[in-house]
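Remarks on the structure that follows.
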Amino acid sequence: MNSNTPRKSLVLIFVLCWLGLLADGYDLYVYGATLPGLIGHPPFNVTPAAAGAVGSIALVGMLLGSLIVGTLTDRLGRRRIFVGALGLFSLAMLACAAAPSWELFSVFRFVACFGVGGLLPTAVALTNEFAPPGKKSLVLGAVLTGPAVGTVVASLSSLALLENSGFRPVYAIGAAGLLLVPAAWFLLPESPSFLRARLRAAEAQAVESAYGLPPTPEAPPSSARISPTRALFAPGSVRPTLLLWAITMLSLLTIFGVSTWLPQIMRTAGFGVGSSVSFLLAYSVGAVVGTVLASFASQKFGPRPLVIVGFISAAAALILMAANPPAVLLTVFAAIAGFGGLGTQNMINDYIAQFYPAATRATGLGWALAVGRLGAIAGPTYGAVLVGLGGGVPVAAMAFAAPALLGAALMLALGTKAARRPAVRADAELVG
């Protein structure tokens, strides 16, 4: 029997997931924050085209991480994948800090992004499963502020260190995630739904009892199980799955295009290195505040309307930035774009986590993020082309507003409550 009061703290699980995502966000977005100190500066003296290419190639690692690790999470367990991904990208960040050449830096950046791509689906799946039934959006929204806070820390680290000390110490800070590895290994529980899918019902019941969770459904006979990937295309799920992939792709194109190139675009517009990075800081703060506010609203209205509002907010802010307003207003618009960028992606993650059943949640989110990474991969190169063509802030802002508007249109096309029925039905088909 499960007690109504957990004997172990659920908060510890959420804090560990949040800290892991903070490290994830730092390691992911530090590249954009350090570009003003890499382009045209020793020791690498890279060009904008080379920087954009490495930004995109590294995000191929994220695609593979989301796809491979997200799927393995539903097969190997949340805990092991969480710890492995965290350790991998933290070590790779340390290697980036020590890289003797641009080529090796690029390789280590690719490895770091592979680990980063694998952590998010796992952390979201764990959080969603352990969150109280009536507070899932609220808890998940709070945990998903982690990447945005990581971006804030990356921006502050760059502001403090980049101009005088170069990029190396900024990347070395990203290795701090290694400190979380032992805590996550010893303190994170395994997912009860994963344990039941592996026919380890006694272990699942022990975890549920320890944390006061309602029992998950028993695993069906092996003949009744379907693979996690096939479950994404069960009857009634095909159209929403494809739409969610497209929405995620447009969201990540906007996020990675803006976050990678915002400091450098501002630098070419005449702002100093510190001032240029401060715009990324405003973008990141907007993402944190926006995610918190959106998670409260999502608890009442659901994540879908918040995704639509977020996309439209990002597009509006970017269009207003194109008018070359004063620096103060540019900062405000950058913050609103952050809410509509990373904040919107967090709401998309929330929607996906609630759409798919527990047995295929990490796979569903992993595949959506993997396909979405095509947009992330295109974003830095798209931005590099814009920087190369000139036109400054107005051209770049208008160009990144377009995919945000299209994302809002597709979320509208998804329809209200797109298919909770397929998700509920699939809960009876726990995967093997």
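Because only heavy atoms are used, hydrogens play no part in the values below, and waters and symmetry mates are left out as well, while side chains stay in. Quick caveat, the model's predicted, so the values are computed rather than measured.
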Practice task
Measure the shortest side-chain to side-chain distance between Val30 and Arg109 over non-hydrogen atoms and say whether it is less than 4.5 angstrom.
Solution key: yes
Practice task
Might you work through the ring pair (Phe, Tyr, Trp, His ring centres under 6.0 Å) test for Phe256 and Tyr31, ending with a clear yes or no?
Solution key: CA-CA 10 Å; Phe256 284 94; Tyr31 185 68; over 10 Å; no
Handout entry: Close side-chain approach of Leu144 to Leu21, heavy-atom, < 4.5 Å
Key = yes
Practice task
Keeping the roles fixed (side chain from Glu129, backbone from Ser193), state whether a donor-acceptor pair exists under 3.5 Å.
Solution key: yes
Practice task
Please name the pair of heavy atoms, one in Ser295 and one in Gly141, separated by the smallest distance, quoted to 0.1 Å.
Solution key: CB-CA, 3.5 Å
Handout entry: Positive for side-chain contact (heavy atoms from CB on, under 4.5 Å) with Ile348, one of Leu369, Leu252, Leu365, Ile247
Key = Ile247
Problem - Steps toward side chain to side chain contact (heavy atoms under 4.5 Å, CB included) verdict (Val60, Phe114) - result: CA-CA 8 Å; Val60 173; Phe114 181 90; over 6 Å; no
Practice task
Say whether, by atom type as modelled, one donor and one acceptor occur between the side chain of Arg373 and the main chain of Gly65 under 3.5 angstrom.
Solution key: no
Exercise for the section: State whether the side chain of Ser191 and the backbone N or O of Phe194 hold a donor-acceptor pair below 3.5 Å, judged by distance alone. Expected result: yes
Practice task
Evaluate the criterion side chain to side chain donor-acceptor pair (under 3.5 Å) for residue pair Glu163 and Ser158; output intermediate values, then yes/no.
Solution key: CA-CA 8 Å; Glu163 199 159 9; Ser158 292; over 6 Å; no
Problem - From Thr344, Thr145, Asn346, residue fulfilling side chain to side chain donor-acceptor pair (under 3.5 Å) relative to Thr291 - result: Asn346
Practice task
State whether the side chain of Arg361 and the backbone N or O of Ala353 hold a donor-acceptor pair below 3.5 Å, judged by distance alone.
Solution key: yes
Handout entry: Check: Thr254/Gln345 side-chain N/O donor and acceptor closer than 3.5 Å
Key = no
Handout entry: Closest approach of Ala378 to Leu253 (non-hydrogen atoms, all atoms of both residues)
Key = CB-CD1, 4.2 Å
Problem - Side-chain touch Val309/Phe301, heavy atoms, less than 4.5 angstrom - result: no
Exercise for the section: Check whether any side-chain heavy atom of Ser137 lies under 4.5 Å from a side-chain heavy atom of Gln354, and answer yes or no. Expected result: yes
Practice task
With rounding to the nearest 0.5 Å, note down the distance linking CG in Leu250 to CG in Leu405.
Solution key: 10.5 Å
Practice task
Verify, without hydrogens or angle tests, whether Arg168 (side chain) and Ala99 (backbone) share a donor-acceptor contact under 3.5 angstrom.
Solution key: yes
Problem - Atom of Ala51, atom of Leu35 and distance for their closest heavy-atom approach - result: CB-CD2, 3.7 Å
Exercise for the section: Test side chain to side chain contact (heavy atoms under 4.5 Å, CB included) on Trp367 and Leu232 and set out the steps. Expected result: CA-CA 9 Å; Trp367 269 91; Leu232 305 184; 3.9 Å; yes
Practice task
Run the ring-centre check on Trp102 versus Phe167 and record whether the distance is less than 6.0 Å.
Solution key: no
Handout entry: pair Ile352-Thr248: side-chain heavy atoms closer than 4.5 Å
Key = yes
Problem - Spacing of Asn128 atom CG and Asn349 atom CG [to the nearest 0.5 Å] - result: 11.0 Å
Problem - Nearest heavy atoms of Leu86 and Ala23, plus distance in Å - result: CD1-CB, 4.3 Å
Handout entry: side chain to side chain contact (heavy atoms under 4.5 Å, CB included) between Val332 and Leu320, worked out
Key = CA-CA 10 Å; Val332 172; Leu320 290 170; over 6 Å; no
Problem - Between CZ on residue Phe82 and CD on residue Glu190, distance to nearest 0.5 Å - result: 12.0 Å
Handout entry: Whether Ser278 side chain and Leu281 backbone form a donor-acceptor pair below 3.5 Å
Key = no
Handout entry: Atom pair CD1 (Ile312) and CD1 (Ile308), whose distance is rounded to the nearest 0.5 Å
Key = 7.0 Å
Problem - Over all atoms of both residues, closest heavy-atom pair of Thr151 and Ser284 - result: CG2-OG, 2.7 Å
Handout entry: Pro147 vs Tyr26 side-chain heavy atoms within contact, under 4.5 Å
Key = no
Exercise for the section: Would you check if the side chain of Ser101 reaches a backbone N or O of Leu104 as a donor-acceptor pair within less than 3.5 Å? Expected result: yes
Completion exercise
SG of Cys17 to CG of Asp24, rounded to nearest 0.5 Å, is 11.5 Å
Exercise for the section: Could you tell me whether the side chain of Arg79 and the main chain of Pro189 form a donor-acceptor pair under 3.5 Å? Expected result: no
Problem - Residues Thr241, Tyr356; criterion side chain to side chain donor-acceptor pair (under 3.5 Å); working and verdict - result: CA-CA 10 Å; Thr241 289; Tyr356 291 110; 2.7 Å; yes
Handout entry: Minimum side-chain heavy-atom gap Ser251-Phe311 below 4.5 Å
Key = yes
Practice task
Report the C-alpha separation of Phe108 and Tyr171 in whole Å, then their side-chain angles, then the decisive distance to 0.1 Å, and conclude whether the ring pair (Phe, Tyr, Trp, His ring centres under 6.0 Å) test is met.
Solution key: CA-CA 11 Å; Phe108 298 142; Tyr171 281 84; over 10 Å; no
Fill in the blank from the handout: Across all chains, not counting sequence neighbours, the ring pair (Phe, Tyr, Trp, His ring centres under 6.0 Å) partners of Phe89 are none
Completion exercise
Closest non-hydrogen contact found for Lys136 with Gln299 is N-OE1, 3.8 Å
Handout entry: Contact check, side chains of Leu306 and Asp350, non-hydrogen atoms, under 4.5 Å
Key = no
Practice task
Measure the spacing between CG of Leu140 and CZ of Phe130 and express it to the nearest 0.5 Å.
Solution key: 14.0 Å
Problem - Over 12 non-hydrogen atoms of neighbours within 6.0 angstrom of CZ in Phe233 - result: yes
